[in-house]
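To start, the structure under review is shown below, and the notes come after it.
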Amino acid sequence: MQRNAELERDLLPVPPVDFLRHPSIAFQMFVNERLLPHELPYVRSRLTDERLLAEPSVGEPPTVPLPDGGIRTSSNTVHQLFHLLRYQEATGRRIDDAATIVEWGGGFGALMRLIVAMHSGEPTCVIFDTPIFSAVQPARTRRPPAPQPDPAGPHRQGTTAAGPARARDQLSALAVTEGEVWGVRR
């Protein structure tokens, strides 16, 4: 409760541009880089699209450059992709097999962002979390831009405390599109 109160004080009503560097978030939500040498080769050998490794700059997370490419990633993105790819390998089920994804304790939305990016459809995403994290998740959980322009318009993924949000159904005050950030304090 004390940590959430601190985060609410520091991140609301609008989070600062570097909200992922807040000491409480960095401490409880980021794995350190010691896992990268073990997990990155596994992830790179199984990913069909290395763009999934690209860490969004929203919140200014700590990142590292990937060898042999212009992509910057984070230890969290690699770690979560490692687990998602291991899940698919161990169960024989693809992320696309799920029409609804429920996550308890979604933090700043990093795992759900990857699940939505890996999913070829429009899954219903439900994140149960504290109000402070529900407030920052929409900035991190949007679907990445499509390689080709989509005549139906931009895709945005968000979450609300009230319930599920579908990839095309919700615009958020913290929605992010390519090159734009709304609702982030500078």
Quiz item: Are V43 and S45 close enough that some pair of their side-chain heavy atoms sits under 4.5 Å apart?
Solution: no
Quiz item: How far does CZ of R94 sit from OH of Y87, to the nearest 0.5 angstrom?
Solution: 11.5 Å
Self-check item: Set of salt bridge (Lys or Arg N to Asp or Glu O under 4.0 Å) partners for E8, sequence neighbours left out
Solution: none
Self-check item: Sub-4.5 Å side-chain heavy-atom contact between L36 and S75
Solution: yes
Self-check item: Contacts of type salt bridge (Lys or Arg N to Asp or Glu O under 4.0 Å), residue R86, not counting sequence neighbours
Solution: none
Quiz item: Do other residues, nucleotides or ligands put more than 12 heavy atoms under 6.0 Å from R3 CZ?
Solution: yes
Quiz item: Under the side-chain contact (heavy atoms from CB on, under 4.5 Å) criterion, do R72 and L66 qualify, and how do the steps go?
Solution: CA-CA 6 Å; R72 293 191 69 82; L66 284 178; over 6 Å; no
Self-check item: Residue pair E103 / V126, side-chain heavy-atom distance below 4.5 Å
Solution: no
Quiz prompt | Expected output: side-chain D10 to main-chain L7 donor-acceptor under 3.5 Å | solution = no
Self-check item: Atom pair CG/CG of N76 and L81 - distance to nearest 0.5 Å
Solution: 10.5 Å
Practice problem: Say whether, by atom type as modelled, one donor and one acceptor occur between the side chain of H119 and the main chain of A98 under 3.5 angstrom. | Solution: yes
Quiz item: Are T77 and E55 linked by a side-chain donor-acceptor pair shorter than 3.5 Å?
Solution: yes
Exercise. Can you spot which of H79, R44, Q80 makes a side-chain hydrogen bond (donor to acceptor under 3.5 Å, both in side chains) with E39?
Key: H79
Quiz item: Backbone N or O of G59 within a donor-acceptor pair of the D18 side chain at under 3.5 Å?
Solution: no
Self-check item: Among T73, I71, L40, the one residue meeting side-chain contact (heavy atoms from CB on, under 4.5 Å) with V64
Solution: T73
Self-check item: Sidechain-backbone polar pair: D96 side chain, S120 backbone, donor-acceptor under 3.5 Å
Solution: yes
Exercise. Name the orientation class of the two ring planes belonging to F128 and W104 (parallel below 30°, tilted from 30 to 60°, perpendicular beyond 60°).
Key: parallel
